[in-house]
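Notes for the one structure printed next.
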Amino acid sequence: MERILDLLSEQQTWEDFLTYRLLKRRFNWYEFDEADTYVSEKQYRDMVARLQCGEPLSVPTRHLVNKMGSGKKRVVYSFPPEEMIVMKVMAFLLYRYDAQLAHNCYSFRRGLTAHDAIHHLVRTIDNRPMWAYKLDIHNYFNSISIPQLLPILSEVLADDQPLYVFFERLLTDDRALSGDEIICETHGVMAGTPTSPFLANIYLREVDRHFADAGVLYARYSDDIILFAPDRQTLDRHIGELNAFLEKYQLEVNPDKVRIYRPDEAFDFLGFKCKGHHINIADATRQKMKDKIRRKARALQRWRSKNDVDGEKAMKALIRHFNRKFFESDDPSALTWARWFFPVINQTDGLKEIDRYLQSNLRYVATGKHNKANYRIRYDLLKKLGYRSLVHEFYVF
């Protein structure tokens with residue numbers, strides 16, 4: 001099998017990468033034209049040649065970004081654009097190792113998605129009484145232990161020693177650029193970099209395989225894990241095994257997101273709420289979206305009052321913001337909210353709740369008040385201003 005660093009210098013590799021990204025709608029046309037020019041002119045050659053000669057990448061830049069639109073921050077990393085694009089093609093080629101992962105790992109894979117995880121869990125449970133345990137690993141990508149990861153990576157990349165050497169050099173360099181200063185820190189596989197999902201998947205492959213081989217109903221999507229058992233005693237045994245693995249791999253559980261579900265309860269996973277064959281939007285997901293709507297509406301209302309802006313103009317601004325969030329995206333590689341939820345849910349309660357809340361806040365933006373008089377602003381006007389109901393768009397979908 002040809003080595004990945006060698007494949008990076010082949011024109012066909014880059015053309016295959018562009019075709020794949022375009023078919024997956026990961027480019028808008030402007031970005032595709034720019035990338036097509038980059039590939040047709042073979043602008044990648046110098047960068048790839050340096051990697052093949054053993055030169056390291058630049059020191060990564062450390063960024064603090066908002067976490068899921070909340071007030072919390074998370075740390076991500078990036079490299080210069082010419083290095084990021086090469087790493088994206090490298091990540092594209094790393095899918096050759098997908099077969100080394102267990103079937104119950106659903107994150108960042110070809111042919112398996114979060115949607116498959118939900119459907120598999122619901123079909124397998126099939127209304128049987130099952131206990132469930134769900135957890136979230138704290139700061140997973142950036143807290144992965146590199147000394148623990150490297151032997152796993154060496155085994156996975158046994159047929160590509162130059163690529164292993166590249167990763168070893170990359171991952172053991174603890175420098176990062178923070179502002180104008182180079183700092184030293186533990187940064188795991190560096191969330192935000194194109195190859196970090198692959199590394200995060202293989203890090204816990206022993207855990208995934210253990211539960212797959214044991215016949216336990218289990219699913220992992222990156223740092224989110226859920227497992228099931230027919231009774232509480234068996235569930236507790238599985239929990240003990242899982243916690244032992246996480247301790248072995250030096251990972252911390254987020255205590256606020258640990259949950260045990262009784263057989264008569266709906267379980268939540270990846271933003272979905274499942275009970276029997278009913279799949280809805282999870283309560284926590286609804287609340288997060290309502291919080292985002294409230295914060296944005298308050299900010300727009302303050303802006304409107306301070307600048308004496310017309311109420312309809314402020315409503316249009318709120319509509320545009322959430323139309324992008326729900327149905328469009330400035331980042332063509334990102335899943336929109338609707339593209340994440342619409343293919344899976346078969347209940348509309350959550351959509352109706354969010355629709356009502358957004359409509360209420362649209363009227364608030366125009367008046368500065370939450371009261372019954374706001375309903376003088378008719379629904380037809382909201383539609384005229386561009387409002388798109390989630391329920392309507394779901395049925396269209």
Side-chain angles (χ1 to χ4, degrees), residues 1-27 35 38-39 42 44-45 47-57 79 82-117 140-141 144 146 148-172 188-209 212-213 219-222 333 335:
M1 188 180 295
E2 198 166 356
R3 294 168 172 175
I4 282 179
L5 291 181
D6 294 333
L7 287 171
L8 288 174
S9 61
E10 296 184 7
Q11 181 79 356
Q12 189 60 52
T13 297
W14 288 79
E15 291 177 357
D16 291 346
F17 168 71
L18 290 187
T19 301
Y20 175 79
R21 299 272 293 187
L22 188 63
L23 291 174
K24 289 293 184 179
R25 302 166 79 180
R26 301 289 178 87
F27 285 121
Y38 179 87
V39 171
K42 300 183 179 180
Y44 55 83
R45 287 182 299 184
M47 182 70 246
V48 170
R50 292 200 298 272
L51 292 183
Q52 290 173 337
C53 290
E55 289 188 25
L57 295 179
F79 290 90
E82 67 273 13
E83 296 180 359
M84 289 290 278
I85 185 64
V86 171
M87 292 182 77
K88 286 180 181 178
V89 180
M90 191 181 292
F92 167 74
L93 295 171
L94 283 166
Y95 278 113
R96 66 162 59 164
Y97 297 104
D98 206 55
Q100 297 208 29
L101 300 172
H103 64 81
N104 52 19
C105 174
Y106 291 88
S107 45
F108 317 112
R109 302 187 66 179
R110 285 186 187 165
L112 280 180
T113 66
H115 303 163
D116 295 311
Y140 178 46
F141 282 46
I144 286 175
I146 300 308
Q148 295 254 76
L149 172 64
L150 288 178
I152 302 168
L153 187 60
S154 177
E155 182 181 342
V156 172
L157 301 182
D159 62 347
D160 196 337
Q161 184 64 18
L163 185 61
Y164 172 77
V165 171
F166 164 82
F167 276 119
E168 183 181 37
R169 182 185 297 114
L170 174 72
L171 298 170
T172 54
V189 298
M190 293 177 285
T193 58
T195 55
S196 61
F198 164 76
L199 298 169
N201 270 358
I202 67 167
Y203 188 61
L204 288 180
R205 71 176 187 152
E206 180 191 10
V207 184
D208 303 334
R209 284 176 173 177
D213 292 346
R220 179 168 72 90
Y221 192 93
S222 188
S333 68
L335 277 173

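Just so it is clear, the model here is predicted, and its values are computed rather than measured. Residue numbers start at 1 and run along the sequence shown.
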- [ ] Drop me the distance from Leu112's CG to Leu101's CG, to the nearest 0.5 angstrom.
- [x] 9.5 Å

Open item on the list: Any heavy-atom pair between the side chains of Val48 and Val89 that's under 4.5 Å?
Closed with: no

- [ ] Could you give me the CA-CA distance, side-chain angles and deciding distance for Leu163 and Leu94, then say whether side-chain contact (heavy atoms from CB on, under 4.5 Å) is met?
- [x] CA-CA 10 Å; Leu163 185 61; Leu94 283 166; 3.8 Å; yes

TODO: Taking the side chain as every heavy atom from C-beta outward, state whether Ile85 and Tyr38 have any pair of such atoms under 4.5 Å apart.
DONE: yes

Open item on the list: Between Ser222 and Ser107 (side chain of the first, backbone of the second, donor and acceptor by atom type, cut-off under 3.5 Å), is there such a pair?
Closed with: no

TODO: Indicate yes or no: at least one non-hydrogen side-chain atom of Met190 is less than 4.5 angstrom from one of Ser196.
DONE: no

Open item on the list: I'd like to know if the side chain of Ser154 and the backbone of Leu150 have a donor-acceptor N/O pair within less than 3.5 Å.
Closed with: no

Open item on the list: My understanding is that only residues two or more places apart in sequence, or in another chain, count here; which of them pass side-chain hydrogen bond (donor to acceptor under 3.5 Å, both in side chains) with Glu155?
Closed with: Arg205

Open item on the list: I need the minimum non-hydrogen distance between Met84 and Gly192, along with the two atoms involved.
Closed with: CE-O, 3.8 Å

Open item on the list: Quick check for you: to the nearest 0.5 Å, what is the distance between Asp6 atom CG and Met1 atom CE?
Closed with: 13.5 Å

Task: Closest approach of Ile146 to Gly188 (non-hydrogen atoms, all atoms of both residues) - done: CD1-O, 3.4 Å

Open item on the list: Tell me the closest heavy-atom pair linking Glu82 and Val86, and the distance in Å.
Closed with: O-CG2, 3.4 Å

Task: Any side-chain donor near an acceptor of the partner, Tyr44 and Gln11, under 3.5 Å - done: yes

- [ ] Would you name the heavy atoms of Tyr140 and Ala200 that are closest together and state the gap between them?
- [x] OH-O, 2.7 Å

Open item on the list: Would you say that Val39 contacts Glu15 through its side chain, given a criterion of any heavy-atom pair below 4.5 Å between the two side chains?
Closed with: yes

TODO: Any chance you could measure Thr13, atom OG1, to Leu7, atom CG, to the nearest 0.5 Å?
DONE: 4.5 Å

Open item on the list: Are the side chains of Leu170 and Met87 in contact, using a 4.5 Å heavy-atom criterion?
Closed with: yes

Open item on the list: Please report whether the ring centroid of Phe17 lies less than 6.0 Å from that of Phe92.
Closed with: yes

Open item on the list: Tell me if a side-chain donor or acceptor on Arg220 pairs with a main-chain N or O of Val207 at a distance below 3.5 Å.
Closed with: no

Open item on the list: Please list all pairs meeting side chain to side chain donor-acceptor pair (under 3.5 Å) that have one or both residues in residues 157-166, counting only residues at least two apart or in different chains.
Closed with: Tyr97-Asp159

Open item on the list: I'd like to know if the side chain of Asp208 reaches the main chain of Cys105, judged simply by a donor and an acceptor atom lying under 3.5 Å from each other, with no hydrogens or angles considered.
Closed with: no

- [ ] Provide the closest heavy-atom pair for Tyr106 versus Ala219 in the form atom of the first, atom of the second, distance.
- [x] CE1-CB, 3.9 Å

Open item on the list: When you compare the side chain of Ser9 with that of Arg45, does any pair of heavy atoms fall below 4.5 Å?
Closed with: no

Open item on the list: Less than 4.5 Å apart, side chain to side chain, heavy atoms only: is that true for Met90 and Phe166?
Closed with: yes

- [ ] Can you tell me which residue pairs pass the salt bridge (Lys or Arg N to Asp or Glu O under 4.0 Å) test with a partner in residues 101-117, sequence neighbours excluded?
- [x] Asp98-Arg109

Open item on the list: Under the criterion side-chain contact (heavy atoms from CB on, under 4.5 Å), I'd like the reasoning laid out for Glu168 against Leu153: C-alpha separation, chi angles, the key distance, then a yes or no.
Closed with: CA-CA 9 Å; Glu168 183 181 37; Leu153 187 60; over 6 Å; no

TODO: Tell me, with the steps shown, if Phe198 and Tyr95 meet side-chain contact (heavy atoms from CB on, under 4.5 Å).
DONE: CA-CA 8 Å; Phe198 164 76; Tyr95 278 113; over 6 Å; no

Open item on the list: Quick check for you: to the nearest 0.5 Å, what is the distance between Arg169 atom CZ and Glu55 atom CD?
Closed with: 9.5 Å

TODO: Might you work through the side-chain contact (heavy atoms from CB on, under 4.5 Å) test for Leu57 and Leu51, ending with a clear yes or no?
DONE: CA-CA 8 Å; Leu57 295 179; Leu51 292 183; 3.6 Å; yes

Open item on the list: For Arg209 versus Gln100, what's the shortest heavy-atom pair and its separation?
Closed with: NH2-O, 2.8 Å

Open item on the list: So Leu8 and Leu93, do their side chains get closer than 4.5 Å, heavy atoms only?
Closed with: yes

